[in-house]
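None of the values given here were measured: they were computed from a predicted structure. Both ligands and their constituent atoms are indexed starting at 1 by order of listing.
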Amino acid sequence: MTFKNALITGASSGIGEALALELAKRGCNLALNARRVELLEQLADKARSHGVNVEIYPCDTADRPAVEQAAQQALETFGHFDLAIFNAGMARYVFPKKFNVDEIEQLINVNLMGAIYWTGALLPSMLERKSGTLAAMSSLAGCRGLPTVASYSASKAGLSTFFESLRVDLRRHGIRSVIIEPGYIQTAIIAHNPDAPFVMSADRAARIMINRLEKGKTVIRFPWSTATMVRLIRALPNWLYDRIASAVRN
Ligand SMILES: NC(=O)c1ccc[n+]([C@@H]2O[C@H](COP(=O)([O-])OP(=O)(O)OC[C@H]3O[C@@H](n4cnc5c(N)ncnc54)[C@H](OP(=O)(O)O)[C@@H]3O)[C@@H](O)[C@H]2O)c1
């Protein structure tokens with residue numbers, strides 16, 4: 001399967017930018033979203049050099065009316081999307097003595113609700129065409145409640161379970177719901193974590209993701225080293241997990 005029209009959120013840097021360029025190289029038209037307009041414009045110019053149509057739809061993905069308007073405009077221009085990648089995301093620490101509900105709410109709104117807003121805006125058109133792929137950029141960090149990143153872990157666990165339910169519900173409608181769970185990818189989001197293991201470049205990660213999306217995979221977990229580590233972490237009994245996790249926290 002190759003994609004003709006794709007919408008990518010969080011496309012101004014990192015994984016989203018690499019995904020956009022990889023899809024452009026493969027001849028896919030692009031609708032790009034993020035907040036930093038200048039970066040989106042530069043990326044759009046670069047992607048157009050591959051001969052594809054590219055438009056930008058800047059907005060805050062946590063602003064539901066703005067997302068609905070952007071999605072509507074993008075649908076009017078492109079007609080339909082056969083791929084939508086909900087990639088916009090942020091990370092933040094949560095410490096008990098600095099517990100900040102506003103910050104936690106903002107992160108959940110960007111990472112989880114943002115993907116749901118875009119889904120709500122794009123799903124009717126996919127249902128009408130009985131085809132399309134929705135892909136949520138989750139993370140292996142959603143495997144358990146990881147120390148010091150409660151909101152990030154929760155947002156990614158939420159994304160994975162939400163889009164797993166959709167995967168089941170959308171099967172009979174001809175629509176794929178895909179969960180992408182990468183390990184550490186070299187982008188701004190892990191700049192605070194110089195000891196991250198098995199780090200992969202964003203370009204390589206984007207190639208793996210698009211290859212697997214084109215093959216019709218519905219769960220994309222990589223690299224195998226981190227995915228294996230995560231399987232082990234998941235299997236630990238709580239008493240052991242708590243001891244190890246509290247010893248290695250930042
Ligand atoms: N890097 C990793 O190790 C890793 C691993 C697993 C999963 N992920 C996930 O991959 C996704 C991309 O992250 P990245 O690693 O590529 O980091 P990044 O370079 O910081 O990219 C984050 C992207 O999300 C956009 N974004 C953030 N808040 C937004 C908002 N409110 N509205 C619209 N766009 C927003 C940013 O654009 P603007 O600032 O211009 O809005 C940027 O384009 C995230 O969901 C992250 O959780 C990353």
Side-chain angles (χ1 to χ4, degrees), residues 7-22 30-44 47 56-71 74 84-93 102-103 105-118 121 135-143 146 149 151-160 162-163 178-206 208-209 219-223 225-227 229-230:
L7 181 142
I8 305 172
T9 73
S12 59
S13 62
I15 297 171
E17 179 185 8
L19 284 168
L21 291 173
E22 187 57 35
L30 296 169
L32 304 176
N33 159 263
R35 292 163 304 174
R36 288 170 293 174
V37 180
E38 238 177 74
L39 291 182
L40 283 182
E41 280 170 348
Q42 285 166 17
L43 172 61
I56 66 168
Y57 299 92
C59 74
D60 184 337
T61 205
D63 178 342
R64 182 175 163 186
V67 166
E68 287 169 352
Q69 195 185 1
I85 306 180
F86 309 125
N87 165 75
M90 59 184 291
R92 216 174 230 160
Y93 289 118
D102 289 336
E103 285 185 1
E105 186 175 27
Q106 189 204 8
L107 187 145
I108 299 283
N109 286 344
V110 171
N111 290 13
L112 177 58
M113 292 312 299
I116 294 171
Y117 299 154
W118 283 101
M137 191 62 66
S138 184
S139 166
L140 288 172
C143 70
L146 298 185
V149 287
S151 54
Y152 186 75
S153 261
S155 71
K156 296 303 185 182
L159 268 182
S160 290
F162 188 89
F163 282 87
V178 181
I179 303 163
I180 307 177
E181 294 181 343
Y184 291 106
I185 313 297
Q186 195 64 63
T187 70
I189 230 172
I190 64 157
H192 66 282
N193 191 355
D195 302 325
F198 312 120
V199 178
M200 184 184 279
S201 76
D203 291 347
R204 176 145 182 246
I208 291 172
M209 291 179 205
V219 179
I220 300 175
R221 280 190 192 115
F222 66 98
S225 42
T226 317
M229 198 170 78
V230 160

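The protein heavy-atom contact nearest to atom 8 (N) of ligand 1 is Tyr152 OH, 3.7 Å. Here the protein heavy atom with the shortest distance to atom 32 (N) of ligand 1 is Thr61 N, 2.9 Å. Taking atom 15 (O) of ligand 1 as the reference point, the nearest protein heavy-atom neighbour is Thr187 OG1, 2.5 Å. In terms of protein heavy-atom proximity, atom 5 (C) of ligand 1 is closest to Gly183 O, 3.1 Å. Remark: minimum distance from atom 3 (O) of ligand 1 to any protein heavy atom is reached at Ile185 N, 2.8 Å. Here the heavy atom of the protein found nearest to atom 31 (N) of ligand 1 is Asp60 OD1, 2.8 Å. Remark: minimum distance from atom 44 (C) of ligand 1 to any protein heavy atom is reached at Asn87 O, 3.2 Å. In this structure, atom 35 (C) of ligand 1 lies nearest to the protein heavy atom Ala88 CB, 3.8 Å.
Looking at Pro182, Ala205, Ala196, it is Pro182 that brings a heavy atom closest to atom 6 (C) of ligand 1. Residue Ser13 holds the heavy atom nearest to atom 18 (P) of ligand 1 of all those in Ser13, Gly16, Ser12. The heavy atom nearest to atom 39 (O) of ligand 1, considering only Glu181, Arg35, Met137, is found in Arg35. Of the candidates Ala62, Gly89, Gly114, the one placing a heavy atom closest to atom 27 (C) of ligand 1 is Gly89.
By the neighbour-count criterion of 12 heavy atoms within 6.0 Å, atom CZ of Arg92 is densely surrounded, having more than that number from other residues, nucleotides or ligands.
Numbered from 1 in the order shown, with element, the atoms of ligand 1 that lie under 4.0 Å from a heavy atom of Gly14 read 16 (O), 19 (O).
Polar contact check, Met90 against ligand 1: no nitrogen or oxygen pair lies under 3.5 Å apart. Checking only distances, Tyr184 never comes within under 3.5 Å of ligand 1, N or O to N or O. Where the criterion is an N or O separation shorter than 3.5 Å, residue side chain and backbone included, Ser138 fails it with respect to ligand 1. Considering backbone and side-chain N/O atoms, Ile15 comes within less than 3.5 Å of an N/O atom of ligand 1. Among the atoms of Asn33, none of the N or O lies under 3.5 angstrom from an N or O of ligand 1.
Taken from CH2 in Trp118 to CG in Leu7, the straight-line distance is 5.0 Å, to the nearest 0.5 Å.
With a heavy-atom cut-off of 4.0 Å, Glu17 does not touch ligand 1 at all. The residue Ala202 has no part lying near ligand 1, judged by heavy-atom distances below 4.0 Å.
For the ligand labelled ligand 1, residue Ala141 lies outside the 4.0 Å heavy-atom shell. Under a 4.0 angstrom heavy-atom cut-off, Ala91 registers as lying outside contact with ligand 1.
Residues Val230 and Arg221 have side chains not in contact (no heavy-atom distance under 4.5 Å, counting atoms from C-beta outward). For the pair Val149/Tyr93, a side-chain contact is recorded, criterion being any heavy-atom separation below 4.5 Å from C-beta on. Between Ile15 and Met209 the shortest side-chain heavy-atom distance falls below 4.5 Å.
Listed here is the closest heavy atom pair of Leu159 and Ala136: CD2-CB, 4.2 Å. Here the closest heavy-atom approach between residue Ile56 and residue Ala44 is recorded as CG2-CB, 4.0 Å.
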(request) Walk me through it: do Thr61 and Thr9 pass the test side-chain hydrogen bond (donor to acceptor under 3.5 Å, both in side chains)? (result) CA-CA 8 Å; Thr61 205; Thr9 73; 5.0 Å; no
